[in-house]
Amino acid sequence: MLYLISRRAPCQFLHFHFSGNCISSTKSSIRRQLRESEIRTNTRNLVPLDRLGLGPKEDSDLQAGLGSWGGRRPRRHQVRDGDLRGVQAPGRVATLQAPGPAEGGDLAGTRPLGGRRPCRHQARDWAATLQTPGLGRVASLQAPGPAEGGDLAGARPGIGQWSWVRDPGLVAALQAPGPPRGAPASCLLPGARASPGHVTLSPATGGPRGAMGARRAGAWTALGPLLWGCALALRGGMLYPREGPSRERKDLDGLWSFRADLSDSRRLGFEQQWYRRPLRESGPTLDMPVPSSFNDVGQDAQLRNFVGWVWYEREAVLPQRWTQDLGTRVVLRIGSAHYYAIVWVNGVHVAEHEGGHLPFEADISKLVQSGPLSSCRITVAINNTLTPHTLPPGTILYKTDTSKYPKGYFVQDINFDFFNYAGLHRSVILYTTPTTYIDDITVTTGVDQDTGLVNYQILTQGSEHVRLEVRLLDAEGREVARGTGGQGQLQVPAAHLWWPYLMHEHPAYLYSLEVSMTAQTDAGPVSDFYALPVGIRTVAVTESQFLINGKPFYFHGVNKHEDADVRGKGFDWPLLVKDFNLLRWLGANAFRTSHYPYAEEVMQLCDRQGIVVIDECPGVGIVLPQSFGNASLQHHLRVMEELVRRDKNHPAVVMWSVANEPSSFLKPAGYYLKTVIAHTKALDPTRPVTYVTNSNYAADLGAPYVDVICVNSYYSWYHDYGHLEVVQLQLRTQFESWYRTYQKPIIQSEYGAETIAGFHEDPPLMFSEEYQKSLLEQYHLVLDQKRKEYVVGELIWNFADFMTNQSPQRALGNKKGIFTRQRQPKSAAFLLRDRYWKLANETRYHRSVVKSQCLGNSPFTL
Ligand code: GCB
């Protein structure tokens with residue numbers, strides 16, 4: 001149910017750097033690089049992926065990205081330009097893509113749709129919701145007048161007609177027919193105003209800096225029920241496995257058997273069906289820790305750089321009840337397998353999943369309950385090959401010059417700047433639920449005066465006849481509200497809001513939503529129980545501010561990586577706790593999950609400590625034209641669905657980022673980014689959406705669709721090397737150009753300098769600790785001016801040094817960390833620490849309260 005149209009910026013200059021080989025580039029050199037890459041990607045793909053349909057898709061994909069859509073019929077997402085686009089979402093919403101160019105028309109007046117020219121498709125009895133990109137919110141619209149026809153052919157046949165409006169840059173969500181869930185056919189949020197391409201909260205509505213406007217809060221009360229009702233429903237939930245009265249959990253962390261398929265074809269494992277018997281019977285195996293990347297634990301360069309299929313296997317002993325009680329559902333959950341995974345249990349194929357960084361599951365009850373065995377053998381084959389259509393994309397380069405390379409030689413080429421670690425990166429878990437169970441919970445929150453509003457929607461599986469009860473408990477375990485049924489709104493008088501770290505005396509206040517389900521089934525009564533942490537907070541964006549709970553929020557934080565010695569991207573509790581202690585020491589209140597979703601445990605800690613998150617999907621390195629085609633787009637939409645499904649209930653997540661540094665100046669990028677952003681907004685109408693750009697403001701084709709402009713720049717590093725004196729001028733120009741063009745808040749989402757810890761040079765020279773500090777200081781001078789206007793955040797690149805591919809530009813990885821890879825501070829960490837605590841003192845909400853929220857001594861005093 002989305003409709004978005006761009007205001008295109010004229011293409012003038014291009015500023016661009018490829019991650020990893022970062023250089024600023026002229027337009028022609030970019031074209032040359034792209035041409036070369038194109039030639040490279042036309043080579044044959046890695047054979048084993050063909051088998052999975054991961055190999056190169058039809059040429060039409062590229063065509064599709066460039067405007068004509070051919071060949072393959074998309075599975076769920078119709079992404080044809082020139083047509084309405086429908087997404088089958090059970091009982092809920094569908095996505096409409098507007099054809100052709102925008103016709104304009106302001107969103108004037110208070111009457112929804114008033115003053116605007118409705119076009120082709122109108123509907124009579126459809127409730128429509130209108131997403132305001134500047135707000136990350138929704139207002140409800142009632143379709144005007146009599147229907148003029150226009151079926152949504154193909155999308156939801158027979159259901160009815162659709163209403164949409166042409167508003168540049170506006171996202172409209174259409175609700176399936178039937179009574180809108182308790183929501184009044186209201187108008188735009190009071191005080192919202194619209195300009196082509198952008199709808200913003202006027203100061204009068206948002207309240208003066210600092211005050212929660214009563215009218216806006218009132219709108220929340222009215223719109224709350226609609227808000228959660230209009231999010232796209234995803235098939236199947238992905239609740240984090242928690243133990244409880246009705247659920248057990250068994251972690252399969254530890255040593256697994258491991259074997260890389262070193263055969264030339266990389267197919268040996270499939271040809272010999274290694275999943276049918278214990279892996280050790282197929283040949284020599286290694287002990288492999290899980291969670292961990294496989295790359296750095298051995299002494300073998302071949303394994304470190306291996307591309308293709310690796311095989312993991314582990315026996316799991318199951319409690320007797322799991323295998324004998326047919327009322328128990330046993331689920332296998334893999335937290336992250338990079339990149340493509342196939343899973344067998346006792347030799348039976350149970351799951352297949354594309355993409356790292358996100359969990360997937362298989363119900364294995366039947367398998368484990370069908371025989372006498374009390375154990376099961378879990379086999380996981382993982383392929384780390386990246387193609388132009390994976391996320392992140394990559395290319396297999398075949399080196400065919402036999403005077404230089406052995407026969408069949410190939411390497412994995414990537415356009416992103418971190419090592420392509422692979423393996424079982426997060427825990428593999430077995431857990432149980434009853435066979436009738438709570439499948440998913442969606443919570444959105446609002447605030448009306450001092451009353452907290454908790455809107456919930458619960459999905460169950462297994463029986464139509466369930467009874468649901470919800471209780472909201474405060475941090476002391478006292479019940480503060482209760483409700484019944486699959487959806488509703490809980491009202492919490494004098495609510496404790498969830499505040500970011502350092503913004504409030506008691507940051508990160510969490511309630512617990514306790515959901516109880518009971519059902520009468522043929523086998524007798526069944527009950528399930530799930531407790532979800534809930535933070536009550538609002539997020540909004542104006543023309544120049546990012547508001548949390550109606551107060552201006554300034555992101556002073558970091559970009560991170562999941563990266564450490566030996567374990568690579570493997571999840572590790574001590575590392576996680578150390579990183580959070582460092583963040584608090586630093587006075588950081590935010591980070592971006594550059595450049596992929598982090599472990600669920602990381603997000604939980606952010607909720608608990610008040611660290612605000614810009615949640616980024618693995619859309620990094622999308623630079624080749626092929627990667628903007630149909631196949632890539634479909635996959636990207638699916639990844640966003642998985643990400644939103646996983647992280648939607650985290651109060652710490654305040655914005656989605658759909659990509660990092662895509663070639664947003666390429667022609668197909670506008671449509672591609674527009675579609676991914678619109679889809680993300682449909683999935684979650686409560687949060688702003690962005691992507692991170694390094695394109696020139698005048699060339700970027702996706703910027704019209706984002707709520708917040710996130711810009712990366714490396715002045716005096718990737719160009720004007722060593723010339724710190726130009727940083728201020730260039731940075732000021734950057735901010736002013738972007739703001740003049742878009743009037744949206746801006747985050748400096750990356751800046752930094754490579755620094756080898758212990759290198760000292762004064763006057764500063766590149767790579768010395770002094771140079772990193774001086775460069776940061778130059779940035780800070782401009783940030784201090786612009787944060788008084790419209791810059792709403794600064795995120796240093798990077799929190800810690802991290803591993804990359806080998807290249808002449810990288811001395812054992814990327815060294816832009818303010819901490820080393822072993823988490824020891826460089827001089828810049830102290831500089832940043834002074835700054836962040838100073839910023840915290842300036843921007844915190846409750847001025848009267850002075851409390852150190854840091855673990856050690858802190859300068860957080862009045
Ligand atoms: C960037 C990328 C990041 C790189 C960084 C660098 O713009 O977003 O992935 O690591 O630059 O250090 O070059």
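Read the numbers this way: they start at 1 and go in the same order the structure lists the ligands and their atoms. Heavy atoms only: backbone and side chains are in, while hydrogens, waters and symmetry mates are out. For the single chain, residues carry numbers from 1 onward in sequence order.
- Aromatic ring centres of F591 and F799 lie farther apart than the 6.0 Å criterion allows.
- In summary, of the residues considered (W797, Y751, F735, W717), a ring-ring contact (aromatic ring centres under 6.0 Å, His included) with Y779 occurs for Y751 alone.
- Considering backbone and side-chain N/O of R592, none are found under 3.5 Å from N/O of ligand 1.
- The aromatic rings of H425 and H338 sit parallel, their planes meeting at an angle under 30°, below the 60° perpendicular limit.
- When the options N420, I414, D417, V411 are evaluated for a side chain to side chain contact (heavy atoms under 4.5 Å, CB included) with N805, the one that passes is I414.
- The CH2 atom of W656 lies 6.0 Å from the CG atom of D684; values are rounded to the nearest 0.5 Å.
- Contacts between V692 and ligand 1, counted as non-hydrogen atom pairs separated by less than 4.0 Å, are absent for every part of the residue.
- The closest approach between K815 and ligand 1 stays at or above 4.0 Å for every heavy atom of the residue.
- Heavy-atom distances between N694 and ligand 1 stay at or above 4.0 Å for every pair.
- The proximity of F416 to ligand 1, defined as any non-hydrogen pair under 4.0 Å, does not occur for either the backbone or the side chain.
- Counting non-hydrogen atoms of neighbouring residues, nucleotides and ligands closer than 6.0 angstrom, the CD atom of Q806 reaches no more than 12 such neighbours.
- In terms of polar-atom proximity, defined here as any N/O pair under 3.5 Å, D417 does make such a contact with ligand 1.
- Heavy-atom proximity to N814, at under 4.0 Å, picks out these atoms of ligand 1: 6 (C), 10 (O), 12 (O).
- Proximity annotation for atom 6 (C) of ligand 1: of W717, F418, Y718, F802, Y718 comes nearest, heavy atoms only.
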Residue pair D700, N696: steps toward the side-chain contact (heavy atoms from CB on, under 4.5 Å) verdict: CA-CA 6 Å; D700 193 310; N696 181 276; over 6 Å; no

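- For E754, no heavy-atom contact with ligand 1 is shorter than 4.0 Å.
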